[in-house]
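This report concerns only the one structure given below.
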Amino acid sequence: MAIPLRLLIIEDSDADAELVIHELTRGGYSVTAERVHTSDDLKAALDRDKWDLAIADFTMPQFSGTAAMTQVRDIDPEMPFIFVSGTIGEDLAVTAMKTGAHDYIMKGNLKRLVPAVARELREAANRQSRKRAESRLAHMAYHDALTDLPNRSLLFERLHQALVESARTGEPLALMVLDLDGFKPVNDSLGHLAGDRVLKQVAAQLRSLLREVDTIARLGGDEFALLLPRTNGDGAAAVARAVVDRLRRPLTLDHQALVVGGSVGIAQFPQHGDTPEVLLQKADIAMYVAKSGNLGYAFYAEDRDHAAHQRLTLINELRAGIEAREFVCAYQPILDLRTGRIMSVEALARWKHPARGFLTPRDFVDVAEQTGLIEALTFVILDRALTEWVEAEPRLALPVAVNLSVRHLRDPELPDQVGDLLKRKGVSPEMLVLEITESVIMSDPRRSIAVLSRLHAMGVKLAIDDFGTGYSSLGYLQQLPVDELKIDRSFVQRMALGDEAIVRSIIDLAHNLGLIVVAEGIESVTVRDRLVELGCDAAQGMFFAEPGSPETVRALVQST
């Protein structure tokens, strides 16, 4: 099959042009050609069509080949250009090649024409392919892969340029940070693919609201930034209202209406800062104010937003701390009340903060839950616990318990992720206990049961933590594939005051269901002895041992 070839011939002789076309046709090309012999004709042809190849005579009465090549290069620098001439000598040929021609061929010997054309077309295709690949890579470096919006890097470049221009002209500038309000429940309930489709729809909606000069960027997750040059406070407020109103309208996903909503924070130049980093931080703080107060949008205000600034700082430090593996485990023994021997340990997260020292979960777990960082944090703790407690000393290892959050039980991929981690560590599933609070299970009992059942079928042990505080249904409790109930410390500590009715009821209930009962927060010998009398199976608390390092707790295991 003939190869299509769009050929531009710069030649003053019809006969010579026909010889070239004939030779290429014999060589397997289907040639569509146009002959020109003046500068004006060449310009018109280049403006009118896209050509695969230019072939030029070197010397013409009204036009020179080198002038023609310069004119072609100005329009299309990549087009293959070959001289076919009867007057070109060796010195002129070398000069022509140096000035940009790809080859030269004598008119009296066209045998080299077809191979030369094939080679130059192939090289041109390779150059175009490389350019497309480089262009794609450059685009990927500055754009979000999911939404094709500019990413954080490109936002910062454009913001820097806009700040320079605003400083020069004295015109205002606004930067907005948008965080979706209802995205995480959609993502948790419908899955990540559905979440991705929602983000694409949101990106399209934002594009439709803004001007050509504005920039919409995806910062990550469900967070976006909007850069509005030449925009004052009133203009920014109008855009923010339009964004919030648009996001309140339902999105359609597989014929299902979803409302995600959004909160917008606004920072302005020059009032709130003059660098990209400062403006983004101030807009971020204002967004948290808008979200926490259900305001829709808010401007940054220094005197009002100190608490939000502290919270944002903690979130950023938490994210960095997870990436840097600043979190460690303290291990608290759980004792068998009949034998006094340690039967398992609970891994308790501690943040080795570079500036604030060791922090306990009450300092960071709520923030981790609210920002979605809890999932990554839990797997850091889970990985460390299995490595330090089980993998490092298998001879002395006992089961280790790690807490899960509500987000984990909404994730159908959790059992596979846990199974993969256990395989990588070479740890038997029976050595892991996952603790879930009663309230977490009851937030979505059907989904919780499905995820817990898969974990239990793998051999992982399951415990309900803080039992007695979540008002769980007995019907659901009977369906849960759990091994242990842990009585909340508040009920255990009331026993010192003679109030033991709830503890006794929980112990009886758990034993009727065939479950082990663990009492938390034991602080005295009196409470311990009464738990033994009530038939409680196990206990943990400061009376027995405070949380400690793996080495400290292993020494206790060997001594009991």
[X] versus [Y], closest heavy-atom pair with distance:
| X | Y | value |
| --- | --- | --- |
| P333 | L556 | CG-CD1, 4.2 Å |
| D383 | K425 | OD2-CE, 3.4 Å |
| L422 | P429 | CD1-CA, 3.9 Å |
| K282 | H272 | NZ-O, 3.1 Å |

If we only count heavy atoms from C-beta on, is the V259 to P250 side-chain gap below 4.5 Å?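 They are in side-chain contact.
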Is any side-chain N of the basic residue among [X] and [Y] closer than 4.0 Å to the acidic one's carboxylate O?
| X | Y | answer |
| --- | --- | --- |
| D416 | R454 | yes |
| D214 | R211 | yes |
| K486 | E346 | yes |

Check the side chains of [Y] and [X] for a donor-acceptor pair under 3.5 angstrom, ignoring hydrogens and angles.
| X | Y | answer |
| --- | --- | --- |
| T437 | D466 | no |
| R246 | S208 | yes |
| H353 | E317 | yes |
| T215 | R158 | yes |

Spatial distance of atom CZ (F327) from atom CD1 (I322) [nearest 0.5 Å]: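 Spacing of CZ (F327) from CD1 (I322) equals 5.5 Å.
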With a cut-off of 6.0 Å (strictly less than), are more than 12 heavy atoms of other residues, nucleotides or ligands near CD of E546?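 Atom CD in E546 is not packed in, count stays at 12 or less.
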Decide if the gap between the ring center of Y331 and the ring center of W389 is smaller than 6.0 angstrom.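 Yes; W389 has its ring centre under 6.0 Å from that of Y331.
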If the condition is ring pair (Phe, Tyr, Trp, His ring centres under 6.0 Å), which residues does H456 pass it with, not counting sequence neighbours?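 With neighbours one apart ignored, the set is empty.
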Pairs flagged by ring pair (Phe, Tyr, Trp, His ring centres under 6.0 Å) wherever residues 541-560 is involved - sequence neighbours left out: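 Pairs touching residues 541-560 that pass the test: none.
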Only counting residues at least two apart or in another chain, list the ones meeting side-chain hydrogen bond (donor to acceptor under 3.5 Å, both in side chains) with S453.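 Testing S453 for side-chain hydrogen bond (donor to acceptor under 3.5 Å, both in side chains), a comparison that skips the adjacent residues, returns none.
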